[in-house]
Amino acid sequence: MKVEYDIALSKGVKHLARLDIAGGGQVVVQGDYAYIGHMKAPHGTSILDVSDPTNPKVVSHVEPPEWSHTHKVRVAGDLMITNVEQDQRHFLRKGDRIPELRNKGLEDAAIAVELGVKPDDIPTLDAARERGYDGGGFRVWDISDKTAPRLLSYVKTHGFGVHRFDMDENFAYISTEMEGYVGNILVIYDLADPTNPTEVSRWHMPGQHVAKGETPTGPGYSHRLHHAMRCGDELWAATWHAGMRVLDASDITNPRQIGSYVWPEAIPEPTHTVMPLEQRIDGRRYAVAIDEEHAHQPGRLHGFLWVMDVTDLDNIEAVAAWDLSERACPYVGEEGVRFGAHQYREKLDGTLVYCTWFAGGLRVLDLADPLTPQEVAYFMPERGPGGAPQSNDVDVDDHGRIYLLDRVNGLDILEMT
């Protein structure tokens, strides 16, 4: 039996503009400007004038360092920070095993099978291993002139470098690999002198500091910091397959864990972001966590959104969840297309949560009743030059306009109706 039905691409949303720009990992809006960290080299970071939201214009662009991408960006006042991370990092690190496999007598064709790559990838992996990579870290920019960002400092960290991060006027909360640790940890830098950011503290989970004799608690890099968001005197840390942690940051020189939650093994996707709502509801405190979907295996759960009761940090409880039906998206099942959850706007100043759902586009949820999240609006971009949409990040400006960034191609500017 064949069943046909129409799928609406939007509800409760007005489309203002689309800018065909290289795909990105993060969009941040401050005042009349939007800042985009592009996903792939050779694209770096773009600054857009969005004073006329129907006609956004690129006013400047900075390129990434060699062999790097700079897909994340944050802004506080006239300071901008961009990450520096090894481009194709997970793929290239597979090459670390090649000498060991050759010592076992394996030919390149067999090595490719062992590593899960194509035979003609082996020379690329060899070349990357031989040249090494020491560019990872972050860069601090003066953006008082949006048309000409001025580099103030370039802090190099270790390994892959810096993934996602948070910042304010005083500190940068950096998620990075560091020597002696397995997986990303939190390193906090003082920005009092932006030409010379200085480390003030570190935090890691037990099992990460292998140089001090700790034993990893998960395979590979599965138990690591994704990033930590500053919320008042707390840091809310998504720790990938290790769940979430809450840190007391009232003493910035000594962040310490005050809460944690680990999802059961039945949940296949890692925790991408977690933050509390800024206001209590009916006297209780709630937080929102979201998974990041990867290569989906049919029959397993998709990545989705969680509502957590965090009134008592010693007893955090998952109290609600929200997921999107595959029937709501016309692009599900296409080769290379991710469908499930990824990220939400990292400011929870009301009950609306603006989520990106990869092929599912933008989903706007209302948590006025945290136990029953309700979708109130959505928008899925049409197929573009790169194929089906892969909505990656979202921000909302002071006028309520929504900036939806695709990881492959394009920025859409929207407003709710």
Kindly assign one of parallel, tilted or perpendicular to the pair His209 and Tyr181, based on the angle between their ring planes and the thresholds 30° and 60°.
->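 Correct class here is parallel.
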Measure the acute angle between the ring planes of Trp322 and Trp357, then classify it against the limits of 30° and 60° as parallel, tilted or perpendicular.
->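 Because their plane-to-plane angle is over 60°, the rings of Trp322 and Trp357 count as perpendicular.
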Regarding [X] and [Y], does a basic nitrogen lie under 4.0 Å from an acidic carboxylate oxygen?
| X | Y | answer |
| --- | --- | --- |
| Arg230 | Asp233 | yes |
| Lys146 | Asp49 | no |
| Arg256 | Asp248 | yes |
| Arg97 | Glu114 | yes |
| Arg164 | Glu346 | yes |
| Glu292 | Arg338 | yes |
| Glu177 | Arg89 | no |

Locate the shortest heavy-atom distance separating [X] from [Y]; write the atom from each residue and the value.
| X | Y | answer |
| --- | --- | --- |
| Val73 | Ile36 | CG1-C, 4.1 Å |
| Pro255 | Leu247 | CB-CD1, 4.4 Å |
| His223 | His241 | NE2-O, 3.7 Å |
| Val84 | Gly135 | CG1-O, 3.1 Å |
| Ile281 | Pro370 | CD1-CG, 3.6 Å |
| Asp314 | Ile258 | OD1-O, 4.1 Å |

Is [Y] close to [X] at the side-chain level, that is, under 4.5 Å between some pair of heavy atoms?
| X | Y | result |
| --- | --- | --- |
| Arg74 | Gln26 | yes |
| Val288 | Leu305 | yes |
| Pro53 | Glu415 | no |
| Met416 | Tyr354 | yes |
| Glu169 | Leu191 | no |
| Phe138 | Thr176 | no |
| Thr356 | Asn392 | no |
| Tyr403 | Val50 | yes |

Under the 3.5 angstrom rule, does the side chain of [X] hit a backbone N or O of [Y] as a donor-acceptor pair?
| X | Y | result |
| --- | --- | --- |
| Arg224 | Tyr221 | yes |
| Asn83 | His71 | yes |
| Asp291 | Glu293 | no |
| Asp406 | Gln390 | yes |
| Asp393 | Val27 | yes |
| Thr70 | Pro64 | no |
| Thr271 | Ala238 | no |
| Asp323 | Phe304 | no |
| Thr311 | Arg285 | yes |
| Lys72 | Gly25 | yes |

For [X], does the [atom1] atom sit with more than 12 other heavy atoms under 6.0 Å from it, leaving out its own atoms?
| X | atom1 | answer |
| --- | --- | --- |
| Glu199 | CD | yes |
| Asp120 | CG | yes |
| Glu63 | CD | no |
| Glu100 | CD | yes |
| Asp398 | CG | no |

Quick one: does NZ or CZ of Arg383 land under 6.0 Å from the six-membered ring centre of Tyr331, within 45 degrees of the ring axis?
->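 Because its charged atom misses either the 6.0 Å distance or the 45° angle limit, Arg383 does not stack over Tyr331.
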Side-chain donor-acceptor contact under 3.5 Å, Thr351 with Asp366 =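 The answer is yes; a qualifying pair exists.
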Are side-chain N/O atoms of Asp412 and His15 paired as donor and acceptor at under 3.5 Å?
->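 The criterion, which ignores hydrogens and geometry beyond distance, is satisfied for His15 and Asp412.
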Using the salt bridge (charged side-chain N to carboxylate O under 4.0 Å, His left out) rule, pick out the option among Asp312, Asp309, Asp369 that qualifies with Arg284.
->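 Exactly one pass, corresponding to Asp309.
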How about His69 and His38: are their ring centroids closer than 6.0 Å?
->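 When the ring centroids of His69 and His38 are compared, they turn out to be at least 6.0 Å apart.
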State yes or no: are the ring centers of Tyr173 and His227 separated by less than 6.0 Å?
->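 No - the distance between ring centres of Tyr173 and His227 does not fall below the 6.0 Å cut-off.
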Rounded to the nearest 0.5 Å, what separates atom [atom1] in [X] from atom [atom2] in [Y]?
| X | Y | atom1 | atom2 | value |
| --- | --- | --- | --- | --- |
| Asp168 | Leu79 | CG | CG | 10.5 Å |
| Cys231 | Met275 | SG | CE | 4.0 Å |
| Leu186 | Ile174 | CG | CD1 | 9.0 Å |
| Thr124 | Lys94 | OG1 | NZ | 13.0 Å |
| Leu404 | Asp395 | CG | CG | 11.0 Å |
| Tyr33 | Ser51 | OH | OG | 7.0 Å |

Chi angles and distances behind the side-chain contact (heavy atoms from CB on, under 4.5 Å) call for Tyr344, Cys355 | CA-CA 4 Å; Tyr344 56 74; Cys355 307; 4.2 Å; yes
Passes side-chain contact (heavy atoms from CB on, under 4.5 Å), Val200 versus Tyr189? Steps please.
-> CA-CA 6 Å; Val200 294; Tyr189 291 85; over 6 Å; no
Check the pair Gln343 / Val394 against side-chain contact (heavy atoms from CB on, under 4.5 Å), numbers first and verdict last.
-> CA-CA 8 Å; Gln343 169 66 336; Val394 60; 5.7 Å; no
Give the intermediate values and the outcome of side-chain contact (heavy atoms from CB on, under 4.5 Å) for residues Asp145 and Arg150.
-> CA-CA 8 Å; Asp145 180 356; Arg150 181 167 62 90; over 6 Å; no
Name the one of His302, His272, His226 that satisfies ring-ring contact (aromatic ring centres under 6.0 Å, His included) with His342?
->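 So, applying the ring-ring contact (aromatic ring centres under 6.0 Å, His included) to His342 and each of His302, His272, His226, only His272 qualifies.
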